[in-house]
Amino acid sequence: EDQVTQSPEALRLQEGESSSLNCSYTVSGLRGLFWYRQDPGKGPEFLFTLYSAGEEKEKERLKATLTKKESFLHITAPKPEDSATYLCAALYGGATNKLIFGTGTLLAVQP
Amino acid sequence: DAGVIQSPRHEVTEMGQEVTLRCKPISGHNSLFWYRQTMMRGLELLIYFNNNVPIDDSGMPEDRFSAKMPNASFSTLKIQPSEPRDSAVYFCASSRGTAGNNEQFFGPGTRLTVL
């Protein structure tokens, strides 16, 4: 069964305390791995797309990496404004355009 | 650009009533997606359209759910009759092109409560 699993479900960090979020996937024919950020009461906001194992992308304090089985979102020296739910999603299949989402990691960064 | 527009933002209805959710995608985007988000199941794709044509509706839970896209700038998701288990946040998203590797832009969602 195609599946995306994120861990931990929730993470509390002190400001400046770096950490990583995990996204493991079992899908047939991965075509891309997406990371989104979701703030309370809002829709997900796109962060990154990774297409092949070994690829890395960075944006401010965030860096996403991809292996053949999982992806990591590394947060370096987080700030309170980084608090949000982080979702990963796998694009898979043939001609269809479908994303399967994980249930997310709720990140809280305390000042 | 105003982004993806959804209405209403909140809907409270009673079991058995018909509910219609509306979405206006970003101009120039030709793929449109309807998702449902709950605490238990996360974000689930219900249906998606490409060039106004439904491509995959395998995520639509049952016949009570239907979606239409009469033109490139408007789509509806209808639930008839509604049930309490339909309570969730429904998101509409749009993207450019047909390739799956294009970024999807999400609307603010409609929070549906069925009593």
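Computed from a predicted model, the values in this text were never measured in an experiment.
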Can you confirm whether more than 12 heavy atoms, excluding those of A/Arg61, are under 6.0 Å from its CZ atom? yes

Is there a side-chain contact between A/Pro44 and B/Phe91, using heavy atoms and a 4.5 Å cut-off? yes

Which atoms of B/Gln6 come close to chain A, meaning under 4.5 Å heavy atom to heavy atom: side chain ones, backbone ones, both, or neither? neither

Are A/Phe101 and B/Leu45 packed together at the side-chain level, in the sense that at least one heavy-atom pair is separated by less than 4.5 angstrom? no

Roughly how far apart are B/Tyr35 OH and A/Leu99 CG, rounded to 0.5 Å? 4.5 Å

How long is the straight-line distance from CD1 of A/Ile100 back to CG of B/Leu43, given to the nearest 0.5 Å? 11.0 Å

What distance do B/Met40 atom CE and A/Thr103 atom OG1 have between them, rounded to the nearest 0.5 Å? 10.0 Å

Exceeds 12 heavy-atom contacts within 6.0 angstrom, atom CG of B/Asp63: no

Ignoring hydrogens, what is the shortest heavy-atom contact between B/Glu103 and A/Tyr36? Give both atom names and the distance. C-OH, 4.4 Å

Heavy-atom count check: over 12 atoms from other residues, nucleotides or ligands less than 6.0 Å from A/Lys57 NZ? yes

A/Arg37 atom CZ, over 12 foreign heavy atoms within 6.0 Å: yes

Part of A/Glu45 lying under 4.5 Å from any heavy atom of chain B: neither

Find the distance between CD (A/Gln38) and CZ (B/Phe106) and round it off to the nearest 0.5 Å. 8.5 Å

If I measure from the heavy atoms of chain A, does B/Arg9 come under 4.5 Å with its side chain, its backbone, both, or neither? side chain

